[in-house]
Peer 1: 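First, the structure itself, so that you have it in front of you.
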Amino acid sequence: MRTPTHSLRPLALEHLLIVDARAKCAAVRAADWSGAPVDAAARIVCLETLPGRAHLPVLVSPHRVPQRSCTTRQGRAALIHALAHIESNAVNLALDIAWRFADLPIPFYRDWIGVAREEALHFEWLDAHLATLGHRYGDFPAHNGLWDVAEKTRDDVLARLALVPRVMEARGLDVSPGIRDKLLQAGDHAGAAILTRILEDEVGHVAIGNRWFHALCKARGIEPESFEARERAARDGPVPKGPFNREARLRAGFTDREIAALERAQK
Ligand SMILES: [Fe+2]
């Protein structure tokens, strides 16, 4: 039986293919996701290059991304642009995990669509703030680090959860307060307020990643710690880098034991 195109996972893929970031975010926020049924068993094949992406921003290697000193208006615009790019990628990642992996519990798909909608809102806040600094999304080069990890984990949802929400997105919890403080020091109170709201939402997103990671590990009889280490090595995945925001990570579902292990690995 064909999966109806209005069902949630094909709809997520359809949105992932939208090229313009602004149009994608607006569409993600406007779509009737709650009215879309979920066909968890469907095997969906996509032959197109993912994600849909405009020719701007130009993608460069991480060390060629411009300096983002907050002391100049241009530097601040570059920083806000980098954050908007992360949010744009985060929308893509949430849509991708929602369409790609079959046979998961229905709340799994609904959770990630909820994340995609919040990430789209984050993009819109930052894009609007960028406009007050005289720039648009696409004006600065950006790097593709987040999507690269999505590519490396395209075949296994558990590896995706281990390396994207639990490493890449959790890193956002660690660095956000410092970025917010720099914006405050530069007198950018509106930017700092956006960062504060985003951090709160990101705690929720990482919590969703943690919850599903542990639930699926349990369901598959997998030991989380050794799985994570093995997958990171096998897939050349990102390594968690401290210092860690212990308070935010605890709220996002990391255990004391996990945080202690992360801290030990830094020594
Ligand atoms: Fe976000």
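Computed from a prediction, not measured in an experiment: that's the story for all the values here. The analysis underlying the following values was restricted to heavy atoms, covering all of them including side chains, and did not include hydrogens, waters or symmetry mates. First listed ligand is number 1; within each ligand, the first listed atom is number 1.
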Peer 1: H122: which N/O/S atom is nearest the Fe ion (ligand 1)?
Peer 2: ND1
Peer 1: I need the R171 CZ to N245 CG distance, nearest 0.5 Å.
Peer 2: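 Reported value, rounded in 0.5 Å steps: 11.0 Å.
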Peer 1: Mind checking what makes ring-ring contact (aromatic ring centres under 6.0 Å, His included) contact with F123, not counting sequence neighbours?
Peer 2: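 F123 satisfies ring-ring contact (aromatic ring centres under 6.0 Å, His included) with Y137 once adjacent residues are dropped.
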Peer 1: For F244, what are the other residues in its hydrophobic cluster, where any two members join if their side-chain heavy atoms are less than 4.5 angstrom apart?
Peer 2: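 Its cluster partners, ordered by chain and number, are L262.
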Peer 1: Looking at E87, pick out the N, O or S atom nearest to the Fe ion (ligand 1) and give its name.
Peer 2: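 Relative to the Fe ion (ligand 1), the closest nitrogen, oxygen or sulfur of E87 carries the name OE1.
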Peer 1: Could you identify the N, O or S atom of E119 positioned closest to the Fe ion (ligand 1)?
Peer 2: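 Among the N, O or S atoms of E119, the one closest to the Fe ion (ligand 1) is OE1.
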Peer 1: Output the atom name for the N/O/S atom of E202 with the smallest distance to the Fe ion (ligand 1).
Peer 2: OE2
Peer 1: Got a sec: does the NZ of K182 have more than 12 other heavy atoms crowding it under 6.0 Å?
Peer 2: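 No, because the 6.0 Å sphere around NZ of K182 holds 12 heavy atoms or fewer from other groups.
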